[in-house]
A.B. asks: 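For reference, the structure I am asking about is given below.
Being a predicted model, the structure only gives us computed values, none of them experimental. Reminder, nothing fancy here: chain letters follow the sequence lines and each chain counts from 1.
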Number of protein chains: 2
Amino acid sequence: MVVEVDELNDETVDRLFHALADTTRRDILRRCVRGELSVSRLAEAYPMSFAAVQKHVAVLERAGLVAKQRSGREQLVRTDPDAVGRARQALDELESAWRGRVDRMACLLAEDPGSEENDTPEGTER
Amino acid sequence: MVVEVDELNDETVDRLFHALADTTRRDILRRCVRGELSVSRLAEAYPMSFAAVQKHVAVLERAGLVAKQRSGREQLVRTDPDAVGRARQALDELESAWRGRVDRMACLLAEDPGSEENDTPEGTER
DNA sequence: AACTTCTACAACCATTTGGTTGTACGTTAG
DNA sequence: CTAACGTACAACCAAATGGTTGTAGAAGTT
């Protein structure tokens, strides 16, 4: 059974970080872990229009950080817990580019024994 | 001796993630770990003007992801290795908001034994 | 059916972003 | 000194962002 981590492409990472680069959106993420809030309920929490919050949710949704689920006439917003993991993976892939190996995993345990300094970044151009 | 992790404020995190939300800028980060490239050398690598690259570097600099160091008439760009750590910390702080405790550290080891489900987010309202 | 609630989406506007070119200045090389 | 190089920065422009209001539809409520 291969783990198959699905290398994230540039556009995905762009959307991910862009979605995270806004205080309101990060706050929405924190609020919606339980998946109990509708967009309307959410919107009550912020000093802006419903439509504005709707747009923020859309940005989060396109980034895969959040999913909506219909429940009657409401649309419940739920934060995807794995999404933060994908953000971490993006950081890991960034870091791994200069930590020698390019293919090291998104896993937590760093396990950094020999501090393998690598002087040949080879295919790093363009 | 207290660890004192310096809770990152919203603006800092905004700048951090915004800086990371661009393919060119992430590529610059990967290239400048060795700190050997001037802005001019860097600019040669991209299909855009010198000034454009200069602006990207400025964005990275304001986010604390990169530092410039004069060397003669050149300005060498160097990626701050700790910066990715700060991004990780930001993710951790996000996640910790729904992992029960709000004050858990930026440390890697999750150490999640009892899956402490917490039903009272208390001070989570706006 | 009539009404209210929640959502979706279009149109609009101000500001920011990401790019351009042009100019000015400091530093090194001839 | 003069020329070339590397940088900084201003001015400008198109497109994207983050907000607004307004309209319309879908789903409950009475």
A.B. asks: Donor-acceptor check, side chain of A/R78 to backbone of A/C32, threshold 3.5 angstrom: yes or no?
C.D. replies: no

A.B. asks: For DNA chain C, note the earliest and the latest nucleotide, 5' to 3', having some atom under 4.0 Å of a heavy atom belonging to chain A.
C.D. replies: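 Under 4.0 Å from chain A, the extent on DNA chain C is C/dT4 to C/dA11.
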
A.B. asks: Once you round it to whole Å, what is the distance between C1' of D/dT17 and CZ of A/R62?
C.D. replies: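 My rounded result for the distance is 11 Å.
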
A.B. asks: Let me see the working for A/D27 and A/T24 under side-chain hydrogen bond (donor to acceptor under 3.5 Å, both in side chains), right down to the final yes or no.
C.D. replies: CA-CA 5 Å; A/D27 196 67; A/T24 301; over 6 Å; no

A.B. asks: Any donor-acceptor pair under 3.5 Å linking the side chain of A/T79 with the backbone of A/L29?
C.D. replies: yes

A.B. asks: Inspect the contact between B/R88 and A/E95 and indicate whether a charged nitrogen and a carboxylate oxygen are less than 4.0 angstrom apart.
C.D. replies: yes

A.B. asks: Taking the six-membered ring of B/Y46, is the NZ or CZ of B/R31 close enough (under 6.0 Å from the centre) and on axis enough (within 45°)?
C.D. replies: yes

A.B. asks: Do any N or O atoms from the side chain of A/R25 and from the backbone of A/A19 form a donor-acceptor pair under 3.5 angstrom?
C.D. replies: yes

A.B. asks: List in numerical order all residues of residues 64-74 of chain A for which some heavy atom is under 4.0 Å away from an atom belonging to DNA chain C.
C.D. replies: A/K68, A/R70, A/R73, A/E74

A.B. asks: Answer yes when A/E74 and A/R70 have at least one side-chain N-carboxylate O distance shorter than 4.0 Å, and no when they do not.
C.D. replies: no

A.B. asks: Do side-chain atoms of A/S96 reach the backbone of A/D92 as a donor and acceptor pair under 3.5 angstrom?
C.D. replies: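 Between the backbone of A/D92 and the side chain of A/S96 there is a qualifying donor-acceptor contact (under 3.5 Å).
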
A.B. asks: NA contact type, A/T24, heavy-atom cut-off 4.0 Å: base, sugar-phosphate, or nothing?
C.D. replies: nothing

A.B. asks: A side-chain contact here means heavy atoms from C-beta on lying under 4.5 Å apart; do A/E61 and A/K68 qualify?
C.D. replies: yes

A.B. asks: Expected output is a numbered-order residue list: members of residues 49-59 of chain A with a heavy atom under 4.0 Å from any atom of DNA chain D. What is it?
C.D. replies: A/S49, A/A51, A/A52, A/K55, A/H56

A.B. asks: How many Å lie between CG on A/L20 and P on D/dT17, as a whole number?
C.D. replies: 15 Å

A.B. asks: Is a side-chain N or O of B/R26 found less than 3.5 angstrom from the main chain of A/D10, in a donor-acceptor match?
C.D. replies: yes

